[in-house]
Amino acid sequence: MHECQETRLPKVANQYRNKRRKWIVASRLGGSCGITLNSTGANFCLFVRYNNSHQRKSIVVHRNPILHLLYTTTKMLRNRHLPKSNVPVPKEEDHAPHHVEEIRPLLHHAAKLDLAELDPTKTGPVTWVATKWSILRLTGCVYFVAFLGAYYQNPGLMGSHGLQPASDFFTALLQPRYDDPWNGFLKHPTIFWYTDLNDENLMKVYTSGLTLSALVISGVDSMVIMAILWLLYFSVVTVAGGTAFYNYGWESQLLETGFLCIFLCDFFPRFGQRRPYKSAPSPIVLWLFRWLCFRISIGAGLIKVRGDSCWTNKTCLHYHFETQPIPSPLSFIFHFLPKWALTHAVDLDLFVQVYTSWMVLLPTHVPGSPALSRLCLWIVRVGGFIQAGFMINIILSGNFAFLNHLTIIPALACLDDACWPQWIRKVARSQVRRLHYQWQSLRLLLDFALLGVIGSLSQPVVENLLQLRGRHQQMNASFGSFRLVNTYGAFGSVGKGRYEPIVSISYDGQSWLELEFPCKPGSVTRRPCFCAPYHYRIDWNIWFIGFKPHDRMLHDRETWMFALLSKFLNHSLSKRPWLDLLDPSSATVLRQNYEEKNLIPLYAKVDM
């Protein structure tokens with residue numbers, strides 16, 4: 001047996017020959033790694049192939065070879081070397097099993113024997129099963145958090161009784177401008193072209209998104225599920241287009257990440273399936289995740305170099321941790337680090353985002369050159385660890401919703417199975433049929449079609465990054481209605497002072513009650529909170545009013561503030577879901593005054 005080939009159990013069973021008492025099990029573990037078990041009578045021969053070199057180990061076993069094979073293979077994997085040829089065995093020896101049913105457990109175990117537990121750079125092609133598993137689980141987590149925020153906050157933000165009802169914006173789109181729903185969908189993708197936009201249907205979208213994302217987190221994933229999740233969240237983002245609450249770059253980033261996750265899965269889910277049925281991830285899709293990781297990092301770095309001069313002067317971090325939208329309890333520690341440390345931290349920031357972002361684009365396999373393949377793989381690994389580690393550092397320094405958690409996901413496409421803990425590899429591999437991707441005609445066509453679409457849509461994005469054709473780099477911009485390829489960036493400019501809007505109401509014009517929001521800085525006696533990856537949208541939006549000129553930000557972007565102040569003074573409202581946007585302490589007082597004491601504020605204001 002000089003070549004290793006994969007043989008399914010029924011096929012192997014048919015190779016059993018009762019007369020000659022000979023049967024063969026072959027399990028393919030990759031192009032340069034394989035194992036062949038050959039039994040004639042009571043003698044087993046173990047052939048292990050490493051990089052096209054064959055080593056033969058003969059093992060004499062007794063009547064029941066199953067336990068012996070389990071022992072030797074476990075010892076091989078645990079000690080990371082081949083079993084010795086002279087393995088102690090019981091004195092009893094007998095002929096090989098006479099019935100196929102007796103060897104079936106052995107065949108089953110041999111088919112699952114996996115030498116890839118050893119170093120994949122030495123024993124065979126790199127595997128990415130744990131990578132796929134982690135990307136899908138974390139994407140499901142981000143989807144869950146995003147839909148959870150929509151479930152609790154959107155009724156007060158953009159419901160029919162909210163601050164900026166989504167129906168007002170969407171009704172304008174339903175005018176004769178888009179007579180055909182399909183034409184409207186192509187320009188503004190949402191399911192509400194085909195169903196009514198009301199509070200009940202919006203809640204169905206949120207609960208469906210929570211349910212499907214929970215399924216993905218639990219391990220049930222497929223193209224169908226991920227496509228529905230993508231469409232549901234796109235529907236929410238689209239109908240919120242007339243508000244200021246979804247004007248964030250990570251909305252497009254989640255949509256782009258979720259779109260790529262569609263092609264990381266198999267076509268349909270299989271509920272109640274006991275046998276492994278999932279496939280390994282496509283190398284093309286994994287590279288597109290790395291392309292996304294590169295664009296996020298390089299875009300954020302270039303916008304800083306070309307933006308605020310404090311980045312080139314290395315002073316931005318002297319005040320960033322104080323002036324960021326929602327500081328965390330650890331922001332205090334970062335802010336009071338020595339000035340020299342904060343200055344060099346700017347160098348580290350630009351080094352990671354501008355200079356090391358290129359590492360993730362290298363191929364992980366170079367045909368005909370194992371040494372170069374190993375070198376490129378290690379460079380990609382290091383690049384992935386750098387990008388993910390940098391995001392973890394930012395997560396600790398402040399509350400940036402799910403932006404940094406989401407940015408970690410494409411960086412995971414740089415980390416092959418050898419980079420993951422053993423328990424993750426074990427869980428991931430228990431769900432797949434094969435460790436390596438099978439190039440099937442239909443799937444291959446789909447992968448290359450995706451590559452062509454992403455490549456063509458990347459042209460304006462690259463031009464934006466390089467500032468070609470007279471362009472100036474745009475931050476968090478989309479160049480298509482479906483937001484499949486976008487530009488990203490954050491904190492191109494950093495405020496040097498903090499102007500905190502404080503909302504207050506009064507029942508008599510003399511005494512004022514300052515209203516608190518869940519995580520927005522307010523009372524000086526209140527400790528900052530940790531809320532990321534959960535996104536308190538109104539807490540973020542009110543931060544923009546502190547930008548100079550304040551009047552322009554208030555009238556052009558954050559117009560919802562006028563609606564909030566007006567609703568405070570309105571005594572005829574039957575429902576007040578926007579009270580849930582406040583901190584529970586403030587919301588409870590107002591709700592008691594409205595409903596039990598029938599007290600309506602006479603005045604409402606915003607101080608800076």
Side-chain angles (χ1 to χ4, degrees), residues 137-170 189-192 195-218 220 225-248 250-255 257-258 261 326 399-403 405-406 517-520 529-542 560 563-564 567 575-584 586-588 591:
R137 302 294 86 75
L138 290 180
T139 303
C141 290
V142 175
Y143 267 131
F144 187 87
V145 172
F147 281 110
L148 186 67
Y151 181 87
Y152 284 111
Q153 299 180 54
N154 283 9
L157 294 175
M158 59 185 220
S160 59
H161 298 278
L163 302 181
Q164 290 183 322
S167 57
D168 294 347
F169 165 73
F170 197 67
T190 176
I191 63 173
F192 292 106
T195 186
D196 294 334
L197 175 59
N198 52 47
D199 292 347
E200 182 181 358
N201 286 338
L202 280 172
M203 292 302 292
K204 289 180 180 178
V205 169
Y206 307 149
T207 53
S208 299
L210 287 171
T211 303
L212 291 178
S213 56
L215 285 177
V216 174
I217 295 172
S218 67
V220 180
I225 292 178
M226 297 306 296
I228 294 176
L229 272 174
W230 176 79
L231 181 58
L232 290 177
Y233 196 70
F234 213 145
S235 298
V236 176
V237 174
T238 296
V239 298
T243 73
F245 303 118
Y246 277 78
N247 292 340
Y248 295 97
W250 50 80
E251 315 297 351
S252 297
Q253 187 175 329
L254 177 54
L255 291 173
T257 304
C261 284
I326 305 179
N399 292 295
F400 300 100
F402 50 78
L403 169 62
H405 305 75
L406 183 62
F517 292 83
C519 267
K520 181 187 107 40
C529 70
F530 263 126
C531 63
Y534 191 80
H535 186 189
Y536 284 110
R537 295 186 179 274
I538 200 169
D539 297 51
W540 264 80
N541 281 72
I542 202 171
W560 58 267
L564 178 61
K567 289 180 181 296
K575 297 181 179 180
R576 296 182 174 90
W578 40 269
L579 285 177
D580 295 328
L581 303 175
L582 303 176
D583 184 75
S586 297
T588 301
R591 187 170 283 110

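- For the pair F144 and L210, the minimum side-chain heavy-atom distance is below 4.5 Å.
- One finds the CG atom of N541 at 10.0 Å from the CG atom of L163 (value rounded to the nearest 0.5 Å).
- Taking CG from N201 and OG from S208, the interatomic distance works out to 10.0 Å, rounded to the nearest 0.5 Å.
- Rounding to the nearest 0.5 Å gives a distance of 13.0 Å between OH of Y246 and OG of S252.
- From Q253, atom CD reaches atom CG of L406 across 4.0 Å, with rounding to the nearest 0.5 Å.
- Side-chain atoms of N399 never come within 3.5 Å of backbone atoms of F530 as a donor-acceptor pair (strictly under, hydrogens ignored).
- The distance from atom OG1 of T207 to atom CG of L148, rounded to the nearest 0.5 Å, is 12.0 Å.
- The distance from the CD1 atom of I217 to the SG atom of C141 is 4.0 Å, given to the nearest 0.5 Å.
- No side-chain heavy atom of V142 sits under 4.5 Å from any side-chain heavy atom of P533.
- The backbone N or O of D583 lies less than 3.5 Å from no partner atom in the side chain of S586, so there is not a single donor-acceptor pair.
- The 12-atom threshold is exceeded at CZ of F169, counting heavy atoms of other residues, nucleotides or ligands nearer than 6.0 Å.
- A distance-only check finds a donor-acceptor pair linking the side chain of R137 to the backbone of V216 [under 3.5 Å].
- You'll find the side chain of I538 reaches within 4.5 Å of the side chain of W560, heavy atoms only.
- A perpendicular orientation is assigned to the rings of F402 and H535, their planes being inclined by more than 60° (bins at 30° and 60°).
- Looking at Q153 and D580, their side chains never come closer than 4.5 Å, going by heavy atoms from C-beta outward.
- Judged by distance alone, with hydrogens and angles left aside, the side-chain atoms of T139 form no donor-acceptor pair with the main-chain N or O of G258 at under 3.5 Å.
- Residues L582 and R591 are not in side-chain contact: their nearest non-hydrogen atoms beyond the backbone lie 4.5 Å or more apart.
- The environment of OH in Y534 is crowded: more than 12 heavy-atom neighbours from other residues, nucleotides or ligands sit within 6.0 Å.
- In this structure the side chain of L212 never reaches within 4.5 angstrom of the side chain of F147, judged on heavy atoms.
- At distances below 3.5 Å, not a single donor-acceptor pair connects side-chain atoms of E251 with backbone N or O atoms of V237.
- By the 4.5 Å heavy-atom criterion applied to side chains, L157 and N154 are counted as neighbours.
- In terms of modelled atom types and a separation under 3.5 Å, the side chain of T257 and the main chain of L254 share no donor-acceptor contact.
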Practice item. Walk me through it: do F170 and F192 pass the test side-chain contact (heavy atoms from CB on, under 4.5 Å)? Key: CA-CA 9 Å; F170 197 67; F192 292 106; 4.0 Å; yes

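- The closest side-chain heavy-atom distance from H405 to W250 is not below 4.5 Å.
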